[in-house]
Number of protein chains: 2
Amino acid sequence: MTPHVKRDGRTTRWEQHRAERREEFVLAAVRAIDTLGPDASVADIAAEAGVSKPVLYRYFADKNELHAAVGAWAADLVLGRVLTAVLAPASARDRVTAGVAAYLDTLAAHPQAFLLLSRPAGGTDPLAAGKDQIAAKLTRLLGDALRHLGGDTGAAEPWAHAVVGLGTSVGQWWLERHTVSRSAAAGYLSDFIWHALSGAAAESGVDLSRLDAGDGEVSPIRPAEPR
Amino acid sequence: MTPHVKRDGRTTRWEQHRAERREEFVLAAVRAIDTLGPDASVADIAAEAGVSKPVLYRYFADKNELHAAVGAWAADLVLGRVLTAVLAPASARDRVTAGVAAYLDTLAAHPQAFLLLSRPAGGTDPLAAGKDQIAAKLTRLLGDALRHLGGDTGAAEPWAHAVVGLGTSVGQWWLERHTVSRSAAAGYLSDFIWHALSGAAAESGVDLSRLDAGDGEVSPIRPAEPR
DNA sequence: AGGTGATCGTTACTGCGAGTAACAGATAAA
DNA sequence: TTTATCTGTTACTCGCAGTAACGATCACCT
């Protein structure tokens, strides 16, 4: 891990700076997308950041990578908010409800960005990245819970993807046509998720509603692990 | 509704033919996408159909419309298969299971096309069309069931979107990494959906497992209503 | 028979947006 | 002072969506 070829101070001194600028460009992209919609061109984003295209391309190999970074940013945002809500001490059901509420709040703050989030893989890899990131976290969460309760841990991954897909789909629907209030949407959504999980638990003889917070079924929040 | 301007035989005689050719082009698009992946260009599709681009553009205003048509085609396919499974006479739970199995079978037959299906809206309207079509059908189905059972019919639409999103997300996950067998995936998926629905029903005092087929909670399959 | 209105199809273009080349200045480590 | 790496620019290439313009065919109509 020590310097490989040359690596004198002239090489290394920029590294922190690079990370900061990259982050700055991601935020500019989010701003541009919030304003211009998810089809904002690279030139638009560069303009929003106050630079010209080639500068952006020094930080991101192509548009997909930029989009992926935006996806990761959004995923961190939701994950952070939802996890703090879900891990708060309360009954299991209340925690689900709180998590869903936090989710919809976050969506409402950046509608355009989240519409982008729901446009995932062609065959290549546009920005499923964000969703996968969330799904991975959820998989661990569910897996731990299932193990703790003695259920079938194989269910963790499919269910995690189910919850993510369900969330993006309902979220998108709610963002596009606001036919119901946020709280109503949150209610329907959390009922659905709660019943799915607790019903499955009940079937293996576990009463989920007795599960309390801080129950060790989940690891603490970690600050956006590097990709 | 009688001829508006001129409409002699020379105008009308093509109408059936147009519909047939359009369908033919949709199938060619499906083939091209199955082969070349979801990023197949319009030229690729035209080549697959044995024509040149402008011909395609006589039938579809732009690429989105073509994609939307592919989405609609796929939606019809799944809807057809899933509905016949779901409407077959059996216990409610078995019907859910059968529906999910039919769904995964259909996915497996056209993986590429369905990966395309899950790449929906920018802000414009790429091919959310197909998903919306399914969601609409599901909304009616659930709405009728809820009304029949005296539940809150407002839940129908969010839940329909939840089921669609859940299905595409898990479907995509399963197509990309086949980490579990089809039947296992089907099991996890149908458990999830079944518990979500029956749990919600139970909460309003209804025992869903007593619901039998042909219960009038659903209208018969209709042959792909024109858009 | 001969004109007409619609299709069939082609090749060759425009135009936009992603990504690149090439070049010039700044700054701090060596 | 040289050197490595950043800063940034303008002006290009190139691929693909979509269009223009043209000619052929064939059944209907008069």
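From a predicted model like this one, the values you see are computed outputs, not experimental measurements.
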Any side-chain donor near an acceptor of the partner, Asp62(A) and Tyr57(A), under 3.5 Å:
no

For [X] and [N], is the shortest distance between a side-chain N/O and OP1 or OP2 below 4.0 Å?
{"X": "Ser52(B)", "N": "dG9(C)", "result": "no"}
{"X": "Arg21(A)", "N": "dT7(D)", "result": "yes"}
{"X": "Tyr59(A)", "N": "dT7(D)", "result": "yes"}

Please identify each residue that fulfils side chain to side chain donor-acceptor pair (under 3.5 Å) with Thr179(A), with sequence neighbours left out.
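Here no residue qualifies.
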
Using whole Å, what does the distance between atom [atom2] of nucleotide [N] and atom [atom1] of [X] come to?
{"X": "Asp39(A)", "N": "dA17(D)", "atom1": "CG", "atom2": "P", "value": "15 Å"}
{"X": "Glu24(B)", "N": "dC8(C)", "atom1": "CD", "atom2": "C1'", "value": "13 Å"}
{"X": "Glu65(A)", "N": "dG19(C)", "atom1": "CD", "atom2": "P", "value": "10 Å"}
{"X": "Asp62(A)", "N": "dG17(C)", "atom1": "CG", "atom2": "P", "value": "18 Å"}
{"X": "Tyr57(B)", "N": "dG15(C)", "atom1": "OH", "atom2": "P", "value": "16 Å"}
{"X": "Leu56(A)", "N": "dT10(D)", "atom1": "CG", "atom2": "P", "value": "15 Å"}

Under 3.5 Å, side chain of [X] to main-chain N/O of [Y], donor-acceptor pair present?
{"X": "Arg22(B)", "Y": "Tyr59(B)", "result": "yes"}
{"X": "Trp194(A)", "Y": "Thr97(A)", "result": "no"}
{"X": "Ser169(B)", "Y": "Gly165(B)", "result": "no"}

Both Ala43(A) and Pro54(A) contact DNA chain C. Taking the nearest nucleotide for each, which residue is further toward the 5' end?
Ala43(A)

Both Arg58(A) and Val51(B) contact DNA chain C. Which one's nearest nucleotide lies toward the 5' end?
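Of the two residues, Val51(B) wins.
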
Between His67(A) and Trp73(A), does the ring centre distance come in under 6.0 Å?
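No - the distance between ring centres of His67(A) and Trp73(A) does not fall below the 6.0 Å cut-off.
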
At under 4.0 Å between heavy atoms, what does Phe60(B) touch on the DNA or RNA strands: base, sugar-phosphate, or nothing?
nothing

Which heavy atom of Tyr103(A) sits nearest to which heavy atom of Gly171(A), and what is that distance?
OH-CA, 4.3 Å

Nucleotide nearest Val55(B) when distance is taken to its side chain, options dT9(D), dG9(C), dT11(C):
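Of the options given, the side chain of Val55(B) lies nearest dG9(C).
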
Pairs under 3.5 angstrom, nitrogen or oxygen only, protein versus nucleotides 13-16 of chain D, please.
none

